[in-house]
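Down below is the structure, laid out as structure tokens.
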Amino acid sequence: MQPLQLLDASVRAQFPLFTSTASAMPLIYLDSAASTQQPTAVIAAVSDYHRQSHANIHRGVYQLSQTATRLYEEARLTVARFLNAADPAECIFTRGATESINLVAACWGAANLHAGDEIILSTLEHHSNIVPWQLIAQKTGAQIRVIPINDAGELELEAYRQLLSPRTRLVAVNQVSNALGTINPVREIIAAAHAVGAVVLIDGAQWVAHGVTDVQALDADFYVFSGHKLYGPTGIGVLYGKRHLLDAMPPYQGGGDMIEQVTFERTTYAPLPSKYEAGTPNISGAVGLATAIKWVEALGLAQISAHEQALLQHATARLSAIFGLEIKGTAAQKSGVVSWVVVDPPLSTLDIGVELDLRGICIRTGHHCCQPLMERLGIAATARASFGVYNNLDDIDRLADALTEIIAAARAKQSAQLEKGGWEDLKLTTAASPAAAAAEIAEVFEFLPDWPQRHQYVIDLGDKLPPMPAALKTAATAVHGCQSTVHIAARLAPGSTDMIEFLADSDANLVRGLIALLQQLYSGQSAAAILAFDAEAFFASIGLDQHLSMSRRNGLAAMVQRVRQLAQRVVIS
Ligand code: PMP
């Protein structure tokens, strides 16, 4: 085991978010793989640019415009040095990794892919390195092949070599997996692809903030990353491409700055990099990104890497000691990412995320935009903690202690729960209408002062929900659009011609609570009354939507939709 080499606390002190006294609870931020926080240096550089130097670039003859142009182009030089690009013109500013990949797929793909050609991706890819290739494959008739992984979450290199053939035109893989943290041997992957004449795109979104990048040493043909995972602003990123490839590709978007000459008959394009930067770019974003790069370099990528490895080592040891918790992704080479599921007792990642949030701990839950990877692992989602320069061992201990507590509470609850359920246990509402039930719920919410107490109320409601018999949990009752598993079975109440009752269940406690709220609103009401009630407006009016993530709001909307569809069917029949 390596000795722990941690960065000094003065690094964390440079992040205003962690020194703010606005919140009563100290913030433990463990979601840097989604987005890193920004140090004062970056915030100040963006702010100074807006205060002192802003004008449109490349056009104005006046001093201010020239200053802005200089800052923007200096940012490009910083990026080129950071990546060790041979020529700054090979570094195109984009909105981020996603836009960079879409650009290559659309432009390089349109010019180079034909029916029967093959594109190789890997099981570890983020959707942004899958969907753009599917789009261009559909247009060109190219085929997508996928590098498998082993159970540790490492690429199967032998299988990769076998996929390579003269038909392989492009290989697109990430350098680090955002979901599992696996560091991929990209130099080897590139060399093998080049041996069959294929071009390689490396998605460096999860690498650039964690180790030195040298596109020439890697011999990458395209390399992409985003500023907001590198302590920089959102809305700015980079596409590096070898000059001969970028020169030969058609432009991406048409507009100002990307042209040499325009007539109504014909347009000639500007040279690199302008050819791929149509319109006014994100100038302050580029300035912020360059500042972030210099800040990271001053700290030293070797020190950052040692710090994150120390956190990873500690987190892996603490989390793997928690009974019932399983770490997903155990590659020999990993960056500062730990993904896990809780299997005993089974606990949905949504509940884990919400419970940790109530303790001031920010982690990511869900499929991490890697649904094919989740499918390969045989799970719907993981909970993921990812580390940055500001994290320390105490953050990890707080996470591990909180998880121990959450799992112990779930275990105690599980053993107290009686096996009961089915239609017989369903208590129909006594409210006269959904609106009357809504008023009762609103009154309780009003009485509860804050989100932790309202959350607990919803969870308690969910605990009282009668479990749904396994026989009713079929594909027909499954609700799509929910990240957790949800089933809803509805029927006409026995002896009634228009009264709906429904049973529903989910693997997530919070969702069970939401189902209990829906039960209060709807179950035992007439189909016409259900259709007349605007549940979405109601949930917004009690502020519930503010505390639900977008996917959860969509899930709730999907459940409401399902009940309404069933009510509709009753009304029509
Ligand atoms: N690739 C990987 C590996 C990522 O983790 C992400 C962001 N989660 C992206 C691409 C897309 O980055 P962005 O959303 O900044 O375009």
Side-chain angles (χ1 to χ4, degrees), residues 29-38 79 92-106 121-135 146-147 149 153-155 171-184 186 189 200-211 213 220 222-240 252 281-282 285-286 288-289 292-293 308 328-329 331 333-339 362-374 381-388 549-551:
Y29 186 76
L30 295 169
D31 198 18
S32 292
S35 212
T36 44
Q37 299 298 338
Q38 294 169 37
V79 168
I92 316 289
F93 282 120
T94 63
R95 283 197 297 125
T98 302
E99 189 176 49
S100 301
I101 298 170
N102 274 279
L103 191 162
V104 177
L121 309 177
S122 91
T123 310
L124 292 175
E125 297 319 305
H126 187 278
H127 295 164
S128 62
N129 201 22
I130 299 174
V131 185
W133 300 112
Q134 285 174 333
L135 292 171
V146 183
I147 310 171
I149 55 168
E154 293 163 319
L155 296 181
V171 176
V173 291
N174 60 41
Q175 189 159 0
V176 175
S177 150
N178 60 309
L180 303 183
T182 312
I183 300 177
N184 293 318
V186 286
I189 290 171
V200 184
L201 177 140
I202 300 295
D203 172 0
Q206 296 293 344
W207 168 261
V208 288
H210 310 284
T213 310
F222 296 107
Y223 195 97
V224 309
F225 71 91
S226 297
H228 70 97
K229 296 183 200 284
L230 180 60
Y231 306 97
T234 55
I236 187 81
V238 171
L239 163 63
Y240 159 83
Y252 187 46
N282 183 354
L289 173 58
I293 289 175
E308 290 169 352
K328 294 286 169 186
Q333 302 293 322
K334 272 183 68 168
S335 73
V337 171
V338 184
S339 249
C362 312
I363 60 148
R364 180 76 181 264
T365 60
H367 53 60
H368 314 291
C369 299
C370 292
Q371 283 180 332
L373 171 61
M374 295 295 125
T382 73
R384 177 191 75 184
S386 53
F387 315 128
S549 65
M550 191 145 74
S551 60

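Counting starts at 1 for both ligands and their atoms, in listed order.
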Considering non-hydrogen atoms of the protein only, which is the closest contact for [atom], and what is the distance?
atom                    : answer
atom 11 (C) of ligand 1 : Thr98 OG1, 3.4 Å
atom 5 (O) of ligand 1  : Gln206 NE2, 2.7 Å
atom 9 (C) of ligand 1  : Ser128 OG, 3.6 Å
atom 4 (C) of ligand 1  : His126 CD2, 3.4 Å

message: For a quick test of reading the model, state the closest non-hydrogen atom pair linking Pro372 to His127 and the distance between them.
response: CD-NE2, 3.8 Å
field: Backbone or side-chain N or O of Glu99 under 3.5 Å from ligand 1 N or O
entry: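 No.
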task: Look only at interatomic distance and state if Asn174 has a nitrogen or oxygen under 3.5 Å from any nitrogen or oxygen of ligand 1.
output: no
Tell me yes or no: between the side chains of [X] and [Y], is some donor less than 3.5 Å from an acceptor?
X      : Y      : value
Thr382 : Ser339 : yes
Gln175 : Tyr223 : yes
Asn129 : Asn174 : no
His228 : Ser35  : yes

field: ligand 1 contacted by Cys369 (non-hydrogen, < 4.0 Å)
entry: no
field: Close approach of Lys229 to ligand 1, heavy atoms, under 4.0 angstrom
entry: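 So Lys229 counts as touching ligand 1.
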query: Between Ala97 and ligand 1, which part of the residue brings a heavy atom under 4.0 Å of the ligand: side chain, backbone, both or neither?
result: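 Both of them.
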message: For His228, which part has a heavy atom under 4.0 Å from ligand 1: side chain, backbone, both, or neither?
response: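 The answer is the side chain of His228.
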task: Would you check if Ile202 and Phe222 make a side-chain contact, meaning some heavy-atom pair closer than 4.5 Å?
output: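 Side-chain contact under 4.5 Å: no.
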- prompt: Do Ile147 and Val173 have side-chain heavy atoms sitting under 4.5 Å apart?
  reply: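 Touching, per the 4.5 Å side-chain cut-off.
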task: Report the member of Asp203, Asn102, Val337 with the shortest heavy-atom distance to atom 3 (C) of ligand 1.
output: Asp203
Proximal ligand 1 atoms for [X], defined as those under 4.0 Å from one of its heavy atoms:
X      : value
Asn178 : 3 (C), 5 (O)
Ser226 : 12 (O), 13 (P), 15 (O), 16 (O)
Ala205 : 1 (N), 2 (C), 4 (C), 10 (C)

field: Sequence-distant partners of Ser100, side chain to side chain donor-acceptor pair (under 3.5 Å), two or more places apart
entry: Thr94
statement: Residues at least two apart in sequence or cross-chain that pass salt bridge (Lys or Arg N to Asp or Glu O under 4.0 Å) with Arg364, listed by chain then number, are none
